[in-house]
Chemist: 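Below is a structure I'd like to ask you about.
Naming convention: chains lettered A, B, ... in sequence-line order (proteins, then strands); numbering from 1 in each chain.
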Amino acid sequence: MEHTVNYLVCIPLLPLAGAFVLGMMHMLTCKNPLPEKLYSFLAMLGPLGSLIFTVIIFSTLREMPAESRYLTQNMFTWFSAGDLHVDMGLFADPLSTLFLIFVTFIGSLIHIYSIGYMAGEENYGKYFAYFNLFLGSMLILVLGNGPVVMFIGWEGVGLCSYLLISFYTKDRDNVLAGNKAFIVNRVGDLGFVLGVAVLFWGLHSALGGAGFDYLNIKAGASTLTAGTGLAVCLLLFIGATGKSAQFPLYVWLPDAMAGPTPVSALIHAATMVTAGIYMVARFSFLYASYPFAGDVVAWVGILTALLAAIIGCFQRDIKKILAYSTVSQLGYMFAGVGVAAYSAGIFHVFTHSFFKALLFLGAGSVIYALHHEQDIWKMGGLKKKMPLTWIVMVIGALALAGFPPFAGFFSKDEILFMALAKGHWMIWLIGVCVAGLTAFYSFRLIFLVFHGKPRDQKSYDNAHEPPPVMTVPLIILAVGATFAGFFNLPAFFSGDSMVSTWLAPSLLEHHSEASRVTEGVAMVLSIAVVLLGIFYAWKKFASKPEDKPLTGFAKWGEDKFYVDEFYNAFIVQPWIAFGRTISNFIEPNIVDLPVKGTTWLYGVLGMLFKVFQAGYVRVYAIYMVIGLSLMSIFLSQSL
Amino acid sequence: MDQLLLNSGFPILSVLIFLPMLGALVLLLIKDEENCRWTALAFTTVVALLSLTLLSGFDSTTARFQFVEMRPWIEAFNINYTVGVDGISILLLLLTTLIMPFCVLVSWTYIKKRVRAFMICMLIMETAMIGVFVALDFVLFYVMWEAMLIPMYLLIGIWGGPRRIYASVKFFLYTLAGSVLLLVAIIWLYMQNGYSFFIPDMMWQSYSTSAQMFLFLAFFLAFAIKVPMFPFHTWLPAAHVEAPAAGSVILASLLLKMGAYGFLRFALPITPEATAIMMPWVLWLSIIGIIYGGFTALAQSDMKKLIAYSSVGHMGFITLGIFTLNLDGIEGAVLQMINHGVTTGALFLCIGMIYERTHSRDIESATGIGKYMPVYITFFTFFSLAAFAFPGTNGFVGEFMIIAGTFKYSLSQGNFPWLALASIPGAVLAAAYMLRMLQRKIWGREHNPDNSWLKEHDLNIREIITLAPFLLFVLWVGLAPKPFLNIMHSSVSALVQNFATCQAKAVAIAGTILN
């Protein structure tokens, strides 16, 4: 079977080329910009081209036998020294292909949506250049043939996120949010780099100078010592917590909502943040051998899910609510991959990308209609003005809450059920509670935004549905959010778990069997909790919501449990203070002290000798007399 | 003499050394300032192009010195004029010759007074720097080594900023003081080696351990100040801040490499035993430099100072790589020497360009210019990314190899890889201080000074031509560093192997004494 192909590179290269062309065009013509239509046309070519190539790869892989389904392309040797040999190469297997499918598909939809959303904005061209650059980086991340190539994409998406968060440059907070995102991610990246370095040194004799890529790593993974393997897993997971916004590094994601809404949809909900889960799944052959690492992943995931869900219940900003829901859902996914239910976790990534993109773009339409109002307490009653947006948002909320038969139900339930089946009943229990909270805050949002009476009459009067270029992507995504769950219909519903079967060759997982009865009871229970959440939200917010100041625990929740303040006081400020101390005190007064001391010493010596250099003949005559006398004394003594 | 490949034809290295000197002489005859600029540019460009021809004749499969020329110089003391290059020095030689034309270009309008004298200094500087990298005779090396100080002293002292006298004197005295012991060491080696100053003969000899320790100390003081390693770095920020743009570029890109080159060429081969003894200390000192430089850079408000302290951190990575004494580490370090030369040089060029416009180097002065100078900011962003080792840029490859080498060192010693762990926060710090600067440059703060007049003053063609090659290099090394690694590979692996043999011998001798 021929595994080497030469068209893999086109997938990341097309958007990257688009970014280059758009960027150059923007840079050269920023004084008198070109027509927006030209930019939007060029910007669409890259994502659509990648989508086409993705379909080609998908069909090529399908024709291969399941056990050896992969394609590779080696372009050139990146660097090599000693045993370290890194090829610049790409690798597509069922796992990466699944990611390719939704990244290119949803990426293209959001490109289309952006054409409407960004119309008339300053720096229109730059926006699309960044967007293409982002897509290219994400595709490198997914297609890289090993952790080092993956790291190009890994950092690349971080960079684009940084650039796009800071896109509205007038507000300084946006720029600070961009910095925060980059630096927090950078902290996670250290874990990633260390993990990769430890992995390499654990394997370097097994690799024997062969390429440091997934195939060789997988082949040699059994030679790792237990300590090294565990260290690799935990270090890589630190990287994942940064990129995928998990505790304790989740703080950047809610702030990242400062960027344009389509960016939030694509980067901070559907694609980039799933990189951490992709990475854990990619290294499933390692994580599966170290159950302790898996437990850490699962617990961090489920506790993050709980924390973010609680915070999400008390937020006022429509995008912040969705941001915390993303953090929470990512927590579910980690819980899934942590309990070694890799395909369940990845499937949730897949369905989540649809309904979260849908929710964000729907929120974008609301924000667009209300002229950049984001406070849900200033909305209300929009159902009449924006019926279509209302419908798609309800679909999105139902999918997010995990109500059958919408997409989120199948994927989330699969994760919870797998946790139960593998004996992690505590994780299952917390997961069910989180499902209730999720239902509550998503419907709090729906009721406050679309139902009841308008709370801000003026902006209500001006509200209207967005143009078709924005609604069509919404409808497509709504269809996805409704039906995506059926791709992986479990045996319980006499389905054939299509996605799990497709992913099986890429992942190392052992399916645990539990009785049909347990599965049924668990399912009914979680549906009941979801209904309870929706009911409570309806009771509290549907007819006469009260916007009273929060107190006690709720106030803590609204203020995000002061985690940001804690970081600022105990990490950021001390770092800065430390830098200032070094620069203003230690550097001039301690490190430079010997130098200054030497200068001073020479100065003093000079002063001392200066006294004798009077410049008068009579003084020198006295020196001469003294000198001659001393000499004669010495001479007379020695004789 | 088996380590030499004599050059029988065109004496290319001598031409490279003395052509800039000739240029300086020619400049003496020229009055007109514009012609001075063009003459300097012509000479540096010709040297650059000539140096590229070295590559075609260079044999990268051998670790021997090539293009060697030998002529008697001061016969009474057996001092010869001997020059030659190996895989390490050829790269640094090329870095020098290729960067110089850009230094002339960036000074085109930046230097307004005494243009002729400025260009003469630049050309003499070039002669001295090339001399340092190709000298194979210790006296010739020492002469060139000290000769570098004078034009640099003048560059800072005459064309520098307000505190130029303080900075130039500190620079001169500090570095001069460092090399005094070096002279003593050279004379000792001269007497030990049958009254010869020939460098390759001094390598891999079995001097006594105590002698090696003394020699190492002398080398270390001279080279650590030049690198500069913590805590010998305090001359650097002062010199950088006051130097004119071209001076900063030469300092950062080339002068700092002299120290690292000295370690590779002298400390390791001449005093292997002492190196092995001192290795852990130097490694930890490098780590301190990385962290210390990063923290200090974080607190700077002068852009040049910020980059100067970041250089302390980057050079910490380079000495870290060198003293791991394995192939990955040293190759990474040599590559990083080139990378740092290019990236930091480009950053200083960028800062010079903005200084020319706003006459301020304060981080708050040119805020929010991203909107008005998109071309400038694109270049600036790229070089900043390279400076904090963004994957795909040159900095990443070098740093990754160095970290890999550090891991290998710790594990081969049977230690927990603390060193590599400790070096990593340097990367977060690098991102933090570069982003801090970028953020203010691109997006600004609440109350930006009105910089909208810069709209009409984005980079001109000359400036774009100056920066574009740097950008291409950043991407070239970032994506395909193989050609560079190939050139140095034989020399570095010979170095590593010889070192290992020497150490094994020392261990064997120690073993027999004990028995």
Side-chain angles (χ1 to χ4, degrees), chain A residues 23 26-28 30-31 76-84 86 88 123 126 148-149 151-156 159 162-163 166 169 172 174-176 178-179 182-183 186-187 189-190 193-194 197-198 200-201 204 575-576 578-584 586-588 590-592 594-595 598-599, chain B residues 170 173-174 177 230-231 233-235 237 292 294-300 309 326-328 331-332 368 370-371 374-375 378 385 388 390-392 396-397 400-401 403-405 407-408 411 417 420-421 424-425 427-429 431-432 435-436 439 442-446 455 479-482 485 489:
Chain A
H26 173 73
M27 205 151 75
L28 298 176
C30 61
K31 278 171 202 157
F76 52 87
T77 301
W78 190 6
F79 52 90
S80 68
D83 303 328
L84 179 63
V86 181
M88 188 66 89
N123 292 326
K126 190 162 87 179
V148 190
V149 179
F151 195 59
I152 302 180
W154 186 269
E155 289 283 275
L159 172 72
Y162 165 75
L163 292 170
S166 323
T169 57
R172 180 154 182 261
N174 294 354
V175 180
L176 290 182
N179 275 6
F182 206 110
I183 293 169
R186 193 80 186 175
V187 174
D189 294 345
L190 296 187
V193 171
L194 277 178
V198 176
F200 173 70
W201 285 112
H204 77 282
W575 269 53
I576 294 175
F578 189 50
R580 292 227 169 98
T581 318
I582 288 186
S583 164
N584 299 335
I586 297 179
E587 173 86 2
I590 295 177
V591 178
D592 211 19
V595 182
T598 316
T599 327
Chain B
K170 190 170 187 178
L173 290 182
Y174 208 143
F230 175 88
H233 63 271
T234 53
W235 62 270
Y292 186 93
F295 269 114
T296 324
L298 201 57
Q300 300 309 315
Y309 281 110
N326 53 45
L327 200 60
D328 317 59
E331 285 196 1
K371 212 161 137 193
V375 180
T378 309
L385 292 179
F388 66 85
F390 194 81
F396 175 71
V397 180
F400 192 87
M401 288 172 66
I403 292 177
F407 260 97
K408 193 176 182 176
L411 296 178
L421 282 179
I424 295 273
V428 180
L429 282 167
L435 288 179
R436 184 170 156 263
Q439 169 215 330
I442 305 181
W443 293 292
R445 313 194 65 167
E446 281 147 302
K455 207 174 213 160
L479 295 174
K482 196 81 189 151
L485 296 174
H489 184 74

Chemist: Report which part of B/Leu485 has an atom under 4.5 Å of a heavy atom belonging to chain A: side chain, backbone, both, or neither.
Modeler: side chain
Chemist: Return the option, out of B/Phe390, B/Phe400, B/Phe396, with the maximum number of heavy-atom pairs under 4.5 Å with chain A.
Modeler: B/Phe390
Chemist: Run the side-chain contact (heavy atoms from CB on, under 4.5 Å) check on A/Glu587 and B/Thr234 step by step: do they pass?
Modeler: CA-CA 8 Å; A/Glu587 173 86 2; B/Thr234 53; 3.4 Å; yes
Chemist: Flag the one option from A/Ile576, A/Ile590, A/Leu159 with the top tally of heavy-atom pairs under 4.5 Å to chain B.
Modeler: A/Leu159
Chemist: Determine, stepwise, if the pair A/Val591 / B/His233 fulfils side-chain contact (heavy atoms from CB on, under 4.5 Å).
Modeler: CA-CA 9 Å; A/Val591 178; B/His233 63 271; 3.9 Å; yes
Chemist: Give the member of A/Trp78, A/Tyr162, A/Phe79 that has the highest number of heavy-atom pairs under 4.5 Å with chain B.
Modeler: A/Trp78
Chemist: For a quick test of reading the model, state the closest non-hydrogen atom pair linking A/Ile183 to B/Ala432 and the distance between them.
Modeler: CD1-CA, 4.0 Å
Chemist: Quick one: which of A/Phe200, A/Phe182, A/Trp154 has the most heavy-atom pairs under 4.5 Å with chain B, could you say?
Modeler: A/Phe182
Chemist: What part of A/Ile586 gets within 4.5 angstrom of chain B, counting heavy atoms only: side chain, backbone, both, or neither?
Modeler: both
Chemist: Name the region of B/Leu385, side chain, backbone, both or neither, that has any atom closer than 4.5 Å to a heavy atom of chain A.
Modeler: side chain
Chemist: Do B/Leu429 and A/Trp575 come close enough that some side-chain heavy atom pair is under 4.5 Å?
Modeler: yes
Chemist: To the nearest 0.5 Å, how far apart are CZ in B/Phe407 and CG in A/Leu194?
Modeler: 5.0 Å
Chemist: Might you point out which heavy atoms bring A/Leu190 and B/Ala427 nearest each other, and give the distance in Å?
Modeler: CD2-CB, 4.1 Å
Chemist: Is there a side-chain contact between B/Pro374 and A/His26, using heavy atoms and a 4.5 Å cut-off?
Modeler: no
Chemist: Supply the atom-to-atom distance A/Glu155 CD to B/Phe388 CZ, rounded to the nearest 0.5 angstrom.
Modeler: 7.5 Å
Chemist: B/Asp328, B/Leu411, B/Leu298, B/Leu327: which one forms the most heavy-atom pairs within less than 4.5 Å of chain A?
Modeler: B/Asp328
Chemist: Can you give me the closest heavy-atom contact between A/Trp201 and B/Ala404, atom names plus distance?
Modeler: NE1-O, 2.9 Å
Chemist: Between A/Thr599, A/Leu84, A/Thr581, A/Val86, which shows the greatest number of heavy-atom pairs under 4.5 Å with chain B?
Modeler: A/Leu84
Chemist: Heavy-atom pairs under 4.5 Å with chain A are the metric here; pick the option from B/Phe230, B/Trp235, B/Tyr309 that has the most.
Modeler: B/Tyr309
Chemist: Evaluate the criterion side-chain contact (heavy atoms from CB on, under 4.5 Å) for residue pair A/Asp592 and B/Lys170; output intermediate values, then yes/no.
Modeler: CA-CA 11 Å; A/Asp592 211 19; B/Lys170 190 170 187 178; 2.6 Å; yes
Chemist: Do B/Tyr174 and A/Thr598 have side-chain heavy atoms sitting under 4.5 Å apart?
Modeler: no
Chemist: Does any heavy atom of chain A fall under 4.5 Å from the side chain of B/Leu479, the backbone, both, or neither of them?
Modeler: both
Chemist: Could you pull out the closest heavy-atom pair between B/Ala299 and A/Ser583, with the gap in Å?
Modeler: CB-CB, 3.9 Å
Chemist: Which of the residues B/Gly405, B/Pro391, B/Gly294, B/Ala297 is involved in the greatest number of heavy-atom pairs with chain A at under 4.5 angstrom?
Modeler: B/Pro391
Chemist: Between A/Phe151 and chain B, with a heavy-atom cut-off of 4.5 Å, which part of the residue counts as in contact: side chain, backbone, both or neither?
Modeler: both
Chemist: Rounded at 0.5 Å granularity, tell me how far OG1 in A/Thr77 sits from NZ in B/Lys482.
Modeler: 5.5 Å
